[in-house]
Number of protein chains: 2
Amino acid sequence: MPFDIPQDATFTALADPTRRAILARLAEGQATVAELADPFQISQPAISRHLRVLEKAGLISTRIDAQRRPRQLNPQALAQVATWLTHLAARYEAQYQRLDAVLEDLQSDPTIPEGDMK
Amino acid sequence: MPFDIPQDATFTALADPTRRAILARLAEGQATVAELADPFQISQPAISRHLRVLEKAGLISTRIDAQRRPRQLNPQALAQVATWLTHLAARYEAQYQRLDAVLEDLQSDPTIPEGDMK
DNA sequence: ACTTTATTTAACTCTTAAGTTATATAACAA
DNA sequence: TTGTTATATAACTTAAGAGTTAAATAAAGT
């Protein structure tokens with residue numbers, strides 16, 4: 001079962017909260033740069049740059065409508081990332097089922113509760 | 001159908017290729033800091049910092065085994081991110097099915113092929 | 001007690017990335 | 001052609017983050 005490992009640029013693109021908000025907006029339907037910039041306090045040029053990052057990452061694509069450049073989501077790119085993450089989790093689960101892994105666990109102390117490590 | 005929006009820290013953690021490689025390694029089973037540092041050229045303290053980032057993001061957790069601090073994957077955190085991405089893609093698909101969205105598409109020019117935009 | 005092993009923390013450097021404003025480009029409208 | 005709308009690019013500033021080495025902490029081994 002081979003699956004694609006997402007590009008570095010894709011994860012980089014997802015790391016910014018403004019860009020994630022843009023993706024969430026585009027999930028509701030295509031939108032122009034002005035429409036995308038509207039909900040944010042940052043300048044329009046800043047949004048344009050975010051869009052460039054998202055497009056290079058393959059997460060969105062651009063159409064031409066006169067002077068407008070409406071953007072739309074590329075759902076396959078999102079799905080590809082989701083698949084990679086899911087496979088990692090599944091791989092972990094598979095290992096965790098193994099008897100020797102369980103025994104290894106019993107040998108040592110329990111997990112440190114969150115926040116107990118300084 | 002409510003679903004959790006992953007923390008900003010989680011996406012930030014996933015943005016670094018070394019940290020993703022660490023996650024991939026941990027999907028094969030728990031590992032100590034030294035073991036995790038081994039495949040990389042960077043220093044062990046750098047790995048420790050990556051691990052701190054991953055733990056704050058909820059992606060891994062730490063056990064105590066004498067002087068060792070074996071790390072293990074938190075598959076739920078990965079699954080949560082996957083779910084968020086999948087929901088975005090699904091939401092897009094749902095919008096895309098709508099008739100008016102399709103008509104809107106027909107009104108304007110086709111998508112710019114990748115690489116044609118400077 | 002002293003040494004070794006495992007890991008973390010601190011202090012620092014350097015690069016990258018996100019924001020800004022000002023200017024350029026491009027299509028349309030009068 | 002001149003102006004207006006929509007978006008992109010350039011030049012610049014600032015802050016965050018990833019790396020380094022050196023020193024601190026902590027548990028075991030001798």
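A, B, ... follow the sequence lines: proteins, then strands. Residue 1 opens every chain.
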**Q** So, does B:His50 get its side chain near the phosphate of D:dG19, meaning an N or O under 4.0 Å from OP1 or OP2?
**A** yes
**Q** I'd like to know if the side chain of B:Thr32 pairs up with that of B:Arg68 as donor and acceptor (distance under 3.5 Å, no hydrogens or angles considered).
**A** no
**Q** If you assign each of A:Arg19 and A:Gln67 to its closest nucleotide in DNA chain C, which residue comes earlier from the 5' end?
**A** A:Arg19
**Q** Please give, in whole Å, the distance from C:dA24 C1' to A:Gln44 CD?
**A** 13 Å
**Q** Nearest to the side chain of B:Ser43, heavy atoms from C-beta on, is which of D:dT7, C:dT8, D:dT20?
**A**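 Among D:dT7, C:dT8, D:dT20, the one nearest the side chain of B:Ser43 is D:dT20.
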**Q** Rounding to a whole Å, what distance do you find between B:Asp16:CG and D:dG17:P?
**A** 11 Å
**Q** Quick one: is D:dA8 close enough that its OP1 or OP2 comes under 4.0 Å of any side-chain N or O from A:Arg71?
**A**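 Affirmative; the distance criterion is met.
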**Q** For A:Gln41 and C:dA18, what is the distance between atoms CD and C1' respectively, to the nearest whole Å?
**A**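 After rounding, the reported distance stands at 15 Å.
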**Q** Would you kindly say whether B:Glu55 and B:Thr62 are connected by a side-chain donor-acceptor distance under 3.5 Å?
**A** yes
**Q** With rounding to the nearest 0.5 angstrom, report the CG to CD distance, A:Leu73 to B:Gln95.
**A** 11.0 Å
**Q** Quick check for you: to the nearest 0.5 Å, what is the distance between B:Leu36 atom CG and B:Arg71 atom CZ?
**A** 8.0 Å
**Q** Starting at CD1 of B:Ile22 and ending at C1' of C:dT7, how long is that distance when rounded to a whole Å?
**A** 14 Å
**Q** Side chain of A:Val33: nearest nucleotide among D:dT7, C:dC28, D:dT21?
**A**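 Closest nucleotide among those given: D:dT7.
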**Q** Side chain of A:Ala46 only, heavy atoms from C-beta on: which candidate in D:dA18, D:dA27, C:dG19 is closest?
**A**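 Ranking D:dA18, D:dA27, C:dG19 by closest atom to the A:Ala46 side chain puts C:dG19 first.
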**Q** What nucleotide, of C:dT8, D:dT7, D:dA18, holds the atom closest to the side chain of B:Arg49?
**A**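 Closest nucleotide to the B:Arg49 side chain: D:dA18.
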**Q** How do A:Ile42 and B:Arg68 order along DNA chain C: which one's closest nucleotide is nearer the 5' end?
**A** B:Arg68
**Q** Quick one: B:Ile64 CD1 to D:dT25 P, roughly how many Å, whole number?
**A** 17 Å
**Q** Drop me the distance from B:Glu28's CD to A:Leu88's CG, to the nearest 0.5 angstrom.
**A** 8.5 Å
**Q** Going by modelled atom types, is there a donor-acceptor pair between the base of C:dA6 and the side chain of B:Arg69 at under 3.5 Å?
**A** no
**Q** Starting from P on D:dT5, measure out to CG on A:Asp65 and report it in whole angstrom.
**A**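 Going from CG in A:Asp65 over to P in D:dT5 covers 17 Å.
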**Q** Among C:dA27, C:dT9, C:dT8, which nucleotide has an atom closest to any side-chain atom of B:Arg52?
**A**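 It is C:dT9.
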**Q** Considering only side-chain heavy atoms of A:Pro45, which listed nucleotide, D:dT9, C:dT7, D:dG19, is closest?
**A** D:dT9
**Q** What is the separation between atom CG on A:Leu14 and atom P on C:dA18, rounded to the nearest whole Å?
**A**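 About 12 Å, once rounded to whole Å.
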**Q** What is the nucleic acid contact for B:Thr32, judged by heavy atoms within less than 4.0 Å: base, sugar-phosphate only, or nothing?
**A** sugar-phosphate
**Q** May I have the distance from B:Ile47 (atom CD1) to C:dT8 (atom C1'), rounded to whole angstrom?
**A** 14 Å
